[in-house]
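Right, one structure below, let's go through it.
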Number of protein chains: 2
Amino acid sequence: MSKEQVISKLIPVFRQYGYEGTSLAMLSKATGLGKASLYHYFPKGKQGMAEAAMNHIALHFEETVLQSLQEPGSPEVKIVRMCKALANFYDRGKNNCFLAIMSLGEAGRLFHDRVKQRLEIWIEAISKVLIEAGIKPEIAWRRSQDAIGEIQGALMLVRILNEPEIFMRILNNLPWKLIQ
Amino acid sequence: MSKEQVISKLIPVFRQYGYEGTSLAMLSKATGLGKASLYHYFPKGKQGMAEAAMNHIALHFEETVLQSLQEPGSPEVKIVRMCKALANFYDRGKNNCFLAIMSLGEAGRLFHDRVKQRLEIWIEAISKVLIEAGIKPEIAWRRSQDAIGEIQGALMLVRILNEPEIFMRILNNLPWKLIQ
DNA sequence: GTCTATACACCGATAGAC
DNA sequence: GTCTATCGGTGTATAGAC
């Protein structure tokens, strides 16, 4: 089994149970590998596994969500494309956000800088498209923050209320909120 | 030391480290009581402590945030009053939301029903004020959900970006977003 | 009520055989 | 590369003296 395959089996566990709620026993079961085998792939242990998971997801995010903002088209087209990519990325609201998960508790302490960096990259990417649409930079930055906040809030609501439609509704309204 | 005093010392620990990230050793240190003494107050152990913390916060929430919607005044006044109460309740964005914390991982499994109930009470309370302002019930419910989503998203952004102004900005914009 | 001492399971991590 | 066996530490929880 390749390391990438292992990582993709680790991700759902961290996503569901959080960093501290995930044990090596769970990761062992999810991958079918013994604990010691996991240490062969990840000498830094649980922290290394979480880092690898985060990097894997960050790459996937870049290739889908961020990429959707860079392909050709008008700002409106780009934003709509991003929303479609986000619906897939968060599995229509059923996925927790990995960044949000890794910003809490002990994980927050361990990974704060990386998490913050990733979030800022996303804000920056949306912001750039808004500026391209003629919106002033400060306003663009604020609106991008607000949009990501709405997405994160919607994910929290879905998690608690079990109503994925909330996430899709927010996503559908995002384009005109961003561009107006 | 009264049980209420003990509970108020447990809360910040759960809030910062999450349910699974919090150990009895931490709670012991925070309260100044030995582990066995904590079991005197909370025979159900850590779960009982988290429940007590949640109940305590729920009561405080009712007495401040929900109460602000029930005191006399126009719908606009009530919403503005709620936003002020929220700024205090979440310490201007520096506090994590206890419901959000308790909706993750093992805590999510243990407390899901109670958390969901609390969130719905809040949505209902805002919704009622919007209906009073002449907004149609389905729209009122949706807008209340959205508002709470924005608040939660803002708290997540503040946590990661270390910029409490984001939370206050969202709060300032809430009244006209809700009433329009 | 609060303590010390402790039970026992599980944690993350490692050694070393194969 | 994967395993079994095991380490030291910590987790939650309890017993029982005071």
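Note that this is a predicted model, so its numbers are computed, not measured. Lettering of chains follows the sequences in order, A, B, ..., and the numbering in each one begins at 1.
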Determine the contact category for B:Gly21: base if any of its heavy atoms lies under 4.0 Å from a base atom, sugar-phosphate if only primed atoms, P, OP1 or OP2 are that close, otherwise nothing. nothing
Can you see if the side chain of A:His40 gets near the phosphate of D:dT2 - specifically, an N or O under 4.0 Å from OP1 or OP2? no
Does [X] belong to the same Ile/Leu/Val/Met/Phe/Trp/Tyr cluster as [Y], with side-chain heavy atoms less than 4.5 Å apart forming each link?
X: B:Phe98; Y: B:Tyr17; result: yes
X: B:Ile148; Y: B:Trp176; result: no
X: A:Leu86; Y: A:Val77; result: no
X: A:Ile131; Y: A:Ile139; result: no

Write out all pairs satisfying salt bridge (Lys or Arg N to Asp or Glu O under 4.0 Å) with one or both partners inside residues 1-10 of chain A, taking only residues at least two apart or from two chains. none
Between protein and nucleotides 11-18 of chain D, map the contacts as a letter string: B base, S sugar-phosphate only, - none, heavy atoms under 4.0 Å, written 5' to 3'. SBBBB---
For the pair made of OH in A:Tyr41 and C1' in C:dA13, what is the distance, rounded to whole Å? 18 Å
Could you state the atom-to-atom distance from CZ of A:Phe42 to C1' of C:dG12 in whole Å? 15 Å
Is there side-chain contact between B:Met102 and B:Arg114, with at least one heavy-atom pair below 4.5 Å? no
